[in-house]
Participant: 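The following block contains the structure, expressed as structure tokens.
Residue numbers start from 1 in every chain, and the chains themselves are labelled A, B, ... in the order their sequence lines are given, proteins ahead of strands.
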Amino acid sequence: MKEEIKKLVESTVADVYGQTVRSVTGAPNPKYGDFSSNAALLLDPVINEPLFEIASKLAAAIFVRDAGRTFKKVEATRTGFINFRLDESYLQRQVALIREEKDRYGRKKEKNGKRVLIEFVSANPTGPLHIGHGRWAVIGDDIASLLEASGYEVEREFYINDVGNQIEKLINSVKARAEGGEVPEGGYSGAYIQDLADELKADISKPEFRNILIGTILEWQKRVLRELSIEFDRFFSERTLHEKGKVAETIEKMKKTGHTFVEDGALWFKSQDHGDDKNRVLVRENGEPTYFTADIAYHLDKFSRGYDQLIDVWGADHHGYVPRLKAALKVLGLPVDHFEVIIGQLVSLFRGSEPVKMSKRTGDMITLEEVVQEIGKDATRFFLTMVSSQNRLEFDLELAKKHASDNPVYYVQYAHARICSIFREAEERGVEFNGNCDLSKLIHPAERDLMRKLIDLGDEIVSAAEKRTPHQMVEYAKSLAAIYHNYYHKCRVISDDIDLTRARLALADATRTILKNVLILLKVEAPERM
RNA sequence: GCGCCAGUAGCUCAGAUGGAUAGAGCGAUUGCCUUCGAAGCAAUAGGUCGCGGGUUCGAUUCCUGCCUGGCGCACCA
């Protein structure tokens, strides 16, 4: 809707004033209208006419163009805004459209031909996932879903860091435990190490123990991701990059750029010349490439696969790594504009007001899987999406599992269940409803508010996808649920007026569809009863 | 010390490339169930948008300095 209004406004501006503007379509305070445009304010410095006159001329021209298809009123304000008021018949037609399109409503009907690769989670296979991984996982998965709904072709990828010191430490720690000893200094000491030692005792001396161990942990990680309904298109192993010589190739390519040097027996990248804090080692003194080098090789590989956009989702504890990677990709001549890193801030777990201890030292932290088992998939996904990814998340386990009104998951799901209940009631009372009805009966102000909210789904999806802000969808869901609950109390659906009853059933059904569509995007259940 | 993120109601958070009276949930107070689910609704109270400058007709939003909190600053990943 906003895109259409924007186009309408801007083409009118071009016709009337011969100017090109990049206007913004907003949703103002409802008392001003359903949408507003700032186009006249943008023209004010350029056009030698009073602001109100500019706005008025545009408003009149826009109204004429629309020819009553969409708007009941388009008017200018003294302050220079152009306000749009939708015609009720337009809203009513949307209700019909929602009921016709069902789960397709709000999604782009056609692919835009663009391919996006989104990489997320990408945890080391050295232990179970924790709640922080859960947040990047859910946010990444949500963004992927939003992009798909906006017409992109999306692939989800998990990078396995199955090479390096951390893995060696893990192997040594498990071996030590299996032999009944203490883990070596700086090794892994969580209780799960003992579990691994017990479980894999028989394999410990096999040459492929390393693979068995990594495979086992990876399976744990995949299992909890599946519990959260997250499916990857690909698990990409760092090790294969080394084996196929991609890392060695990358080193040669980096050397060729002329932005490297040798010092203390190591090969360095002059990343400092390209926006990084300091220079970085590509090949260690001992001849081993660093993680960084392999990651450059990985991103080189991603670029070579021809995506239009690459997205990485990282935890805030890795944000310092962004400048060096971008610097490397830049000197290699890659289109860095098409590569973005979304940084997700960390999660603090609480039970009520009590923080849940997360001791990294002993490795005794609550795992993501434990959280999912305790509070369920719906609450986990909803809570992990709820807050802007650039803000820290305070995750209250007690609240998340409460089946009560202060739990926002239940608030939204309840609205859906409540509508389903109305349909059950209608059936019980023998109301005949085959979908045919006179939607022009929907004239109550509360009905208008509700319809007005329903049509926002498409705009919300596009906006949340573009801005990579899935929490926006949670806000929308909560707000729609609130408007519905309000409507429920103001307007009785089932009444003696059969025509009105049918029209209201149609509206309730449309609302149910929109709620469900949002919840599908978030991969949260839309229950029929609860 | 340097860098990134945050600082909005008692608490947890929204706030679209600057715009019209800053919003929601929880918590508090008070109303609403003989009628479709009260896991709900309505009303009231609650704000120097961390602090100071600056740009602008207009700043919670942009710039700058400072304060507070989180994270990071490896030849770990």
Participant: Surrounding CD of Glu243(A) (heavy atoms of other residues, nucleotides or ligands, distance under 6.0 Å), is the total greater than 12?
Facilitator: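 Yes - once you tally the heavy atoms of other residues, nucleotides and ligands closer than 6.0 Å, there are more than 12.
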Participant: Atom CZ of Arg280(A) to atom P of rG72(B): distance rounded to whole Å?
Facilitator: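 After rounding, the reported distance stands at 15 Å.
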Participant: Of all the choices, rG37(B), rC41(B), rC71(B), which nucleotide is nearest to the side chain of Ala417(A) once you look at every atom?
Facilitator: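 Per side-chain heavy atoms of Ala417(A), the pick is rG37(B).
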Participant: Taking the side chain of Leu41(A) as heavy atoms from C-beta outward, which of rG3(B), rG19(B), rC5(B) is closest to it?
Facilitator: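 Comparing rG3(B), rG19(B), rC5(B) against the side chain of Leu41(A), the answer is rG19(B).
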Participant: Say we look at rG53(B) and rA16(B): how far apart would their C1' atoms be, to the nearest angstrom?
Facilitator: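 Rounded to whole Å, the distance is 28 Å.
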Participant: Is any side-chain N or O of Lys467(A) under 3.5 Å from a base N or O of rA16(B), one able to act as donor and the other as acceptor?
Facilitator: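 No, the side chain and the base share no sub-3.5 Å donor-acceptor pair.
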Participant: Rounding to the closest angstrom, what is the interatomic distance between rU8(B) and rG15(B) at atom P?
Facilitator: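 So the two P atoms sit 14 Å from each other.
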Participant: Name the orientation class of the two ring planes belonging to Trp220(A) and Tyr192(A) (parallel below 30°, tilted from 30 to 60°, perpendicular beyond 60°).
Facilitator: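 Ring orientation, 0 to 90° scale: perpendicular.
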Participant: In whole Å, measure the gap between the P atoms of rA22(B) and rC26(B) for me.
Facilitator: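 My reading of the P atoms in rA22(B) and rC26(B) gives 22 Å.
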Participant: Checking contacts here: which listed nucleotide (rG72(B), rU35(B), rA39(B)) is nearest the side-chain heavy atoms of Arg492(A)?
Facilitator: rU35(B)
Participant: Is Phe423(A) touching bases, backbone alone, or none of the nucleic acid, heavy atoms closer than 4.0 Å?
Facilitator: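 No contact.
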Participant: Using Watson-Crick or G-U wobble geometry with both distances under 3.5 Å, which nucleotide pairs with rG1(B)?
Facilitator: rC73(B)
Participant: Tell me the partner of rC62(B), counting only Watson-Crick (N1-N3 plus N6-O4 or O6-N4) or G-U wobble (N1-O2 and O6-N3) with both under 3.5 Å; none if nothing fits.
Facilitator: rG54(B)
Participant: Indicate, with a heavy-atom threshold strictly under 4.0 Å, whether Met530(A) touches base, sugar-phosphate, or nothing.
Facilitator: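 Met530(A): base contact, heavy atoms under 4.0 Å.
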Participant: Quick check on Glu3(A): does its CD atom have over 12 non-hydrogen neighbours (other residues, nucleotides or ligands) under 6.0 Å away?
Facilitator: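 Count not over threshold, so no.
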Participant: Give one of base, sugar-phosphate or nothing for Tyr488(A), where a contact means two heavy atoms less than 4.0 Å apart.
Facilitator: base
Participant: Could you check whether Gln166(A) gets within reach of a base, just the sugar-phosphate, or nothing at all, counting any heavy atom under 4.0 Å?
Facilitator: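 Contact class for Gln166(A): base.
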Participant: Hey, can you tell me if Tyr291(A) and Tyr321(A) have their rings parallel, tilted or perpendicular (30° and 60° cut-offs)?
Facilitator: tilted
Participant: Can you tell me whether the base of rC33(B) sits syn or anti, using the 90° cut around 0 to define syn?
Facilitator: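 In terms of base orientation relative to the sugar, rC33(B) is syn.
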Participant: Let me know the distance between NZ of Lys2(A) and P of rU17(B), rounded to the nearest Å.
Facilitator: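 After rounding, the gap between these two atoms is 10 Å.
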Participant: Just to confirm, is there a sub-4.0 Å distance from OP1 or OP2 of rA20(B) to any side-chain nitrogen or oxygen of Thr79(A)?
Facilitator: no
Participant: Give me the distance, rounded to whole Å, that separates rC67(B) from rG31(B) when you measure between the C1' atoms they each carry.
Facilitator: 45 Å
Participant: Could you tell me the separation between the CZ atom of Phe52(A) and the P atom of rG19(B), rounded to a whole number of Å?
Facilitator: 22 Å
Participant: Rounded to whole angstrom, note down the P distance from rU64(B) over to rG23(B).
Facilitator: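 Those two atoms are separated by 29 Å.
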Participant: With distance as the sole criterion, is a donor-acceptor pair present between the side chains of Asn161(A) and Gln166(A) under 3.5 Å?
Facilitator: no
Participant: Looking at rC41(B), rC75(B), rA20(B), which one has an atom nearest to any side-chain atom of Ala266(A)?
Facilitator: rC75(B)
Participant: To the nearest Å, give me how far apart CZ (Arg324(A)) and P (rC4(B)) are.
Facilitator: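 Distance check: Arg324(A) CZ to rC4(B) P gives 15 Å.
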Participant: On RNA chain B, compare the nucleotides closest to Ala426(A) and Glu460(A); which residue's is nearer the 5' end?
Facilitator: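 Nearer the 5' end of the strand: Glu460(A).
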Participant: Just call it for Asp459(A): base, sugar-phosphate, or nothing, with non-hydrogen atoms closer than 4.0 Å on any strand.
Facilitator: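 Result for Asp459(A) = nothing.
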Participant: Would you mind pulling out the nucleotide paired to rA45(B), Watson-Crick or G-U wobble, both distances under 3.5 Å?
Facilitator: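 Its partner is none (no Watson-Crick or G-U wobble pair with both distances under 3.5 Å).
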Participant: How is Val493(A) classified with respect to the nucleic acid when contacts are heavy atoms under 4.0 Å: base, sugar-phosphate, or nothing?
Facilitator: base
Participant: Side chains of Glu340(A) and Gln309(A): any donor to acceptor distance under 3.5 Å?
Facilitator: yes
Participant: Is the phosphate of rA14(B), meaning OP1 or OP2, less than 4.0 Å from a side-chain N or O of Asn391(A)?
Facilitator: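 Yes, such a contact exists.
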Participant: Looking for any heavy atom pair under 4.0 Å, which part of the strands does Lys490(A) touch: base, sugar-phosphate only, or nothing?
Facilitator: nothing
Participant: Hey, could you give me the CG/CD distance between Asp396(A) and Glu354(A), rounded to the nearest 0.5 Å?
Facilitator: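 Atom-to-atom, Asp396(A):CG and Glu354(A):CD are 11.0 Å apart.
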Participant: Describe, in one word, how the ring planes of Phe339(A) and His299(A) are oriented to each other, choosing from parallel (under 30°), tilted (30 to 60°) and perpendicular (over 60°).
Facilitator: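 Plane angle over 60°, so perpendicular.
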Participant: How far does CZ of Arg468(A) sit from OG of Ser389(A), to the nearest 0.5 angstrom?
Facilitator: 11.5 Å
Participant: Both distances below 3.5 Å, Watson-Crick or wobble geometry, any strand: find the nucleotide opposite rA20(B).
Facilitator: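 Pairing partner: none.
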Participant: Counting only side-chain heavy atoms from C-beta out, which of rA77(B), rC41(B), rA38(B) sits nearest to His489(A)?
Facilitator: rC41(B)
Participant: Can you see if the side chain of Gln345(A) gets near the phosphate of rC5(B) - specifically, an N or O under 4.0 Å from OP1 or OP2?
Facilitator: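 The answer is no; no side-chain N or O of Gln345(A) sits under 4.0 Å from OP1 or OP2.
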Participant: Establish whether the base of rA20(B) is bridged to the side chain of Asn83(A) by a donor-acceptor pair shorter than 3.5 Å.
Facilitator: yes
Participant: Given atom CG of Asp277(A) and atom C1' of rC2(B), what is their separation to the nearest angstrom?
Facilitator: 7 Å
Participant: Rounded to whole Å, please give me the gap between CG in Leu457(A) and P in rA16(B).
Facilitator: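 Going from CG in Leu457(A) over to P in rA16(B) covers 20 Å.
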Participant: Just to confirm, is there a sub-4.0 Å distance from OP1 or OP2 of rA42(B) to any side-chain nitrogen or oxygen of Asn486(A)?
Facilitator: yes
Participant: Heavy atoms from C-beta onward define the side chain here; which of rU35(B), rA14(B), rA77(B) lies closest to that of Val387(A)?
Facilitator: rA14(B)
Participant: Considering just the side-chain nitrogens and oxygens of His319(A), establish if one lies under 4.0 Å of OP1 or OP2 belonging to rA6(B).
Facilitator: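 For rA6(B), neither OP1 nor OP2 has a side-chain N or O of His319(A) closer than 4.0 Å.
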Participant: Name the nucleic acid region contacted by Arg78(A), choosing base, sugar-phosphate or nothing; use a 4.0 angstrom heavy-atom cut-off, strictly under.
Facilitator: nothing
Participant: Measuring only the C1' atom in each nucleotide, how far is rU12(B) from rG18(B)? A whole number of Å is fine.
Facilitator: 27 Å
Participant: Just checking Cys491(A): base, sugar-phosphate only, or nothing, at a heavy-atom cut-off of under 4.0 Å?
Facilitator: base
Participant: Could you tell me how far apart Gln472(A) (CD) and rA16(B) (C1') are, to the nearest whole angstrom?
Facilitator: 7 Å
Participant: With a 4.0 Å limit, can you tell me whether Tyr411(A) has a side-chain N or O closer than that to the phosphate oxygens OP1/OP2 of rA24(B)?
Facilitator: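 No, outside the criterion.
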Participant: Regarding Ser463(A), tell me which of base, sugar-phosphate or nothing describes its non-hydrogen contacts under 4.0 Å with the strands shown.
Facilitator: nothing
Participant: Check the geometry between Phe81(A) and rA20(B) and answer yes if their rings are stacked (centres below 5.5 Å, planes below 30°), otherwise no.
Facilitator: yes
Participant: Mind checking Ser36(A) for me? I need base, sugar-phosphate or nothing, with any heavy atom below 4.0 Å counting as a touch.
Facilitator: base
Participant: For rU61(B) and rC41(B), measure between their C1' atoms and round to the nearest Å.
Facilitator: 34 Å
Participant: For Ser37(A) and Thr25(A), test the side chains for any donor-to-acceptor distance below 3.5 angstrom and give the result as yes or no.
Facilitator: no
Participant: Only pairs with both distances under 3.5 Å count, Watson-Crick or wobble alike; so what is the partner of rC33(B) in this structure?
Facilitator: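 Its partner: none found.
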Participant: Measuring from the side chain of Ser388(A) (C-beta onward, heavy atoms only), which nucleotide among rG40(B), rA20(B), rA14(B) has the closest atom?
Facilitator: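 Of all the options, the side chain of Ser388(A) is nearest to rA14(B).
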Participant: Going by modelled atom types, is there a donor-acceptor pair between the base of rG72(B) and the side chain of His318(A) at under 3.5 Å?
Facilitator: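 No, the side chain and the base share no sub-3.5 Å donor-acceptor pair.
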Participant: Sticking with atom C1', work out how far rA9(B) lies from rG47(B), rounded to a whole angstrom.
Facilitator: 6 Å
Participant: In whole Å, what is the span from the CD atom of Glu394(A) to the P atom of rA14(B)?
Facilitator: 11 Å
